[in-house]
Amino acid sequence: MAEGRIIYNPGPLVMKMFYRKMNQESRNEIEARRYDAVGLFQTTVSGVLYYADRVAKTSNVYPVEIIGNCPQHITTLAFFGETAAVETAMKMVIQEEKDRKNRLI
């Protein structure tokens, strides 16, 4: 199961929620950056690691694992950045996930 959403111009209350669900290193990095949007992508643990690497290499976004989901098999990746970069990253992960499901393994 994979699911994606984009939050445009997240407000302070939503950011407080994000900060509670990320490690301190990620929080410090996000507080020091400028961002217009946050992409959220829920996938497997291996998917979070794979897509974090992919979005960091293909878009100007900062990926963060969101803590507090079911860490055994489903977790959420958040990527912070300018709107266009987040949209590009989201399109890429959704397309790759569709392609992966269409392949025979």
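These figures come from a predicted structure and were not determined experimentally. Sequence positions, counted from 1, serve as the residue numbers for this chain. Note that these values count all heavy atoms, side chains included, but never hydrogens, waters or copies made by symmetry.
Shown here is Glu25, whose CD atom has no more than 12 heavy atoms of other residues, nucleotides or ligands within 6.0 Å.
Pairs of residues two or more places apart, or lying in two chains, that qualify as salt bridge (Lys or Arg N to Asp or Glu O under 4.0 Å) and include a residue from residues 4-16 are Glu3-Arg5. Sorted by first and then second residue, the salt bridge (Lys or Arg N to Asp or Glu O under 4.0 Å) pairs involving residues 41-50 (not counting sequence neighbours) form an empty list. Pairs engaging residues 38-51 under the salt bridge (Lys or Arg N to Asp or Glu O under 4.0 Å) rule: none recorded [sequence neighbours left out].
Within the 4.5 Å cutoff, side-chain heavy atoms of Phe18 are placed close to those of Ile66. Counting heavy atoms from C-beta outward, Met92 and Arg54 have side chains that approach closer than 4.5 Å. Side-chain contact check for Met15 versus Phe80: some heavy-atom pair is nearer than 4.5 Å. Side-chain contact between Leu40 and Leu77 is absent, with no heavy-atom pair separated by less than 4.5 Å. Thr43 has its side chain out of reach of Thr75: every pair of non-hydrogen atoms, C-beta onward, lies at least 4.5 Å apart.
For the side chain to side chain contact (heavy atoms under 4.5 Å, CB included) test, residues two or more places apart in sequence or in another chain that qualify with Arg33 are Glu29, Tyr62. In terms of the salt bridge (Lys or Arg N to Asp or Glu O under 4.0 Å) criterion, Glu87 has no residue partners (sequence neighbours excluded). Evaluation of the side chain to side chain contact (heavy atoms under 4.5 Å, CB included) rule for Ala37 yields Ile6, Tyr8, Thr83, Val86 as partners, not counting sequence neighbours. Taking the side chain to side chain contact (heavy atoms under 4.5 Å, CB included) definition, one finds that Met17 meets it with Arg20, sequence neighbours left out. Partners of Glu31 by side chain to side chain contact (heavy atoms under 4.5 Å, CB included), not counting sequence neighbours, listed by chain and number: Tyr19, Arg27, Asn28. Shown here are the salt bridge (Lys or Arg N to Asp or Glu O under 4.0 Å) partners of Lys57, two or more places apart in sequence or in another chain: Asp53. Under the ring-ring contact (aromatic ring centres under 6.0 Å, His included) criterion, Phe41 pairs with Tyr51, sequence neighbours left out.
Grouping Ile, Leu, Val, Met, Phe, Trp and Tyr residues whose side-chain heavy atoms lie under 4.5 Å apart, directly or via other members, leaves Leu13 alone, with no other cluster members. Side-chain contacts under 4.5 Å among hydrophobic residues (ILVMFWY), followed directly or transitively, place Leu49 with no other residue at all.
Closest approach of Ile67 to Asn23, counting heavy atoms only: CD1-N, 3.7 Å.
A donor-acceptor distance shorter than 3.5 angstrom exists from the side chain of Thr88 to the backbone of Ala84, with no hydrogens or angles considered.
Phe79 contributes atom CZ, which lies 13.0 Å from atom CG of Asn60 (distance to the nearest 0.5 angstrom).
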